[in-house]
> 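Before anything else, here's the structure in question.
Throughout, a chain's letter reflects where its sequence line sits, starting with A, and its residues are numbered from 1. No hydrogens, no waters, no symmetry mates; every other heavy atom, side chains included, goes into these values.
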Number of protein chains: 2
Amino acid sequence: MAETAGGEGLLFLTDEQLRKGIEAMFFAYRGFTADPDRILEGMDYGRAHHRAIHFVHRSPGTTVSNLLAILGVTKQSLNRVLRTLIEDGLVRSEKGRVDARERHLFLTEKGLILERELSDAQRARMRAAYRAAGPAAVQGFRQVLEAMMDPEMRKQYNRLKEGG
Amino acid sequence: MAETAGGEGLLFLTDEQLRKGIEAMFFAYRGFTADPDRILEGMDYGRAHHRAIHFVHRSPGTTVSNLLAILGVTKQSLNRVLRTLIEDGLVRSEKGRVDARERHLFLTEKGLILERELSDAQRARMRAAYRAAGPAAVQGFRQVLEAMMDPEMRKQYNRLKEGG
DNA sequence: GAATTTACGTCAGCCTTGTTGACTTTCCAA
DNA sequence: TTGGAAAGTCAACAAGGCTGACGTAAATTC
């Protein structure tokens with residue numbers, strides 16, 4: 001058995017194993033986004049709209065600043081996406097009561113319908129993958145992903161985990 | 001304990017669990033690409049160049065058609081990337097001996113140096129994540145990712161796994 | 001041997017989604 | 001009351017996807 005110094009049998013840390021993990025991430029992410037992409041093509045929306053819809057649904061009433069922090073894009077970029085979603089009546093923007101500078105974002109009925117369609121598709125794939133791999137694998141999956149995040153993103157992720 | 005029909009305790013298949021998985025994928029993929037992105041910014045290259053370099057390194061002598069199938073982009077898109085890499089002397093293109101229509105692609109010395117820099121960074125993150133999560137988690141991670149791929153992509157992935 | 005198909009390259013133009021920079025409006029808080 | 005934060009907007013640009021059309025060389029098929 002190929003061992004590294006320390007003799008713990010860290011076969012899973014060889015460059016070859018790491019490379020497989022890298023390629024698995026690459027190919028899997030394609031599958032991960034494939035279904036929503038398919039639904040959105042033809043509509044005037046893209047992946048950026050999906051992300052905005054997802055996180056507004058996830059945290060109703062969230063502010064633009066919040067969303068910027070989560071999505072990690074510039075406000076100009078987010079604004080373009082948000083503006084079309086508001087114009088098309090998928091997202092509602094509400095001036096803050098406590099702090100009137102802030103805009104609180106909500107999905108409208110119409111927005112909720114699209115969100116449902118997108119997340120149903122994405123969850124279906126995730127469910128199939130989970131079912132195929134089993135509960136123990138799922139736990140490992142989540143552990144590795146969490147460890148792979150930047151600390152700042154991990155914070156965001158955990159905040160969402162609790163908050164929901 | 002919340003059970004679904006069948007009584008196997010499929011707690012990991014609840015919508016809430018699936019949503020967490022979806023968000024974990026989103027945030028983790030950001031981390032996954034962050035280091036190479038940082039290295040490439042400033043150079044005239046981007047993520048698309050990284051992908052081309054990765055898979056040419058992975059399968060030296062691969063053809064353009066092969067690369068197109070793996071990357072899932074149009075030849076025009078790939079060509080733009082490949083052309084700059086060839087011009088800059090990172091990739092060498094060689095007319096096929098058996099079939100002279102084909103172009104076989106290789107990394108040059110210079111290409112190998114950049115590839116090393118990029119993959120070192122990406123592997124370092126992957127290694128840290130693997131180490132933090134442990135071997136069992138890594139196995140689960142790979143199982144779920146593989147199950148998440150489109151069948152066509154899974155074929156490509158497995159072909160690479162063996163071939164290497 | 002001629003016709004067709006395949007592999008590759010290229011030009012032109014378009015779209016989405018990211019970026020910077022500059023600027024305004026609104027409004028809270030010191 | 002004034003400084004600064006939050007939000008929005010305009011303009012310009014770049015990366016990297018896409019389609020469509022076309023050209024060339026080589027292989028394959030008829």
> Which whole-number value in Å describes the distance from Q76(B) CD to dG13(C) P?
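Going from Q76(B) (CD) to dG13(C) (P), I get 15 Å.
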> Determine: side-chain N/O of R51(A) to OP1/OP2 of dG18(C), distance under 4.0 Å, yes or no.
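Checking R51(A) against dG18(C): at least one side-chain N or O falls below 4.0 Å of OP1 or OP2.
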> Contact class for R80(B) vs. all strands (heavy atom < 4.0 Å): base, sugar-phosphate, or nothing?
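Contact class for R80(B): base.
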> Using OP1 and OP2 only, check whether a side-chain N or O of R83(B) sits under 4.0 Å from dT10(C).
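Checking R83(B) against dT10(C): at least one side-chain N or O falls below 4.0 Å of OP1 or OP2.
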> Indicate the atoms forming the closest heavy-atom contact of D88(B) with K110(B), along with that distance.
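Reported closest heavy-atom pair: O-NZ, 2.8 Å.
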> Are more than 12 heavy atoms from other residues, nucleotides or ligands located less than 6.0 Å from atom CD of E87(B)?
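Counting other residues, nucleotides and ligands, CD of E87(B) exceeds 12 neighbours.
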> Does S77(A) put a side-chain nitrogen or oxygen below 4.0 Å from OP1 or OP2 of dT17(C)?
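For dT17(C), OP1/OP2 do not have a side-chain N/O of S77(A) under 4.0 Å.
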> Can a salt bridge be assigned to the pair K95(B) and E102(B) using a cut-off of 4.0 Å between side-chain N and carboxylate O?
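Here K95(B) does not pair with E102(B) in a salt bridge, since their nearest N and O are not under 4.0 Å apart.
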> Between D99(A) and H49(A), which has a closest nucleotide on DNA chain C that is more 5'?
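Nearer the 5' end of the strand: H49(A).
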> Could you pick out which residue, V73(B) or R103(A), lies toward the 5' side of DNA chain D when each is mapped onto its nearest nucleotide?
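Closer to the 5' end of DNA chain D: R103(A).
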> Can a donor-acceptor pair be found, under 3.5 Å and without considering hydrogens, that links the side chain of S93(A) to the backbone of R103(A)?
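Checking the backbone N and O of R103(A) against the side chain of S93(A), no donor-acceptor pair under 3.5 Å is found.
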> L82(A) CG to dG8(D) P: how many Å, rounded?
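Taking atom P of dG8(D) as the reference, CG of L82(A) is at 7 Å.
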> Nearest whole Å is fine: how far is dT19(C) P from R47(B) CZ?
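After rounding, the reported distance stands at 11 Å.
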> Could you tell me how far apart L67(B) (CG) and dA7(C) (P) are, to the nearest whole angstrom?
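In whole Å, dA7(C) P lies 15 Å from L67(B) CG.
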> Just the rounded figure in Å: distance from P of dG8(D) to NZ of K95(A).
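It works out to 10 Å between those atoms.
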> Checking all strands, does H104(B) fall into the base, sugar-phosphate, or nothing category for heavy-atom contacts under 4.0 angstrom?
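Result for H104(B) = nothing.
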> Sub-3.5 Å donor-acceptor pair from the side chain of R125(A) to the main-chain atoms of G31(A), do we have one?
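Yes, the answer is positive, given that a donor and an acceptor are paired below the 3.5 Å cut-off.
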> Using the closest heavy atom to pick a nucleotide of DNA chain C for each, name whichever of R101(A) or L78(A) lands nearer the 5' end.
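That would be L78(A).
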> Could you check how far CE of M43(B) sits from C1' of dA14(D), rounded to whole Å?
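Taking atom C1' of dA14(D) as the reference, CE of M43(B) is at 18 Å.
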> Rounded to whole angstrom units, what separation is found between the CG atom of L68(A) and the P atom of dT19(C)?
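My rounded result for the distance is 10 Å.
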> Within this structure, what is the CG-to-C1' distance between N79(A) and dA22(C), rounded to whole angstrom?
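After rounding, the gap between these two atoms is 16 Å.
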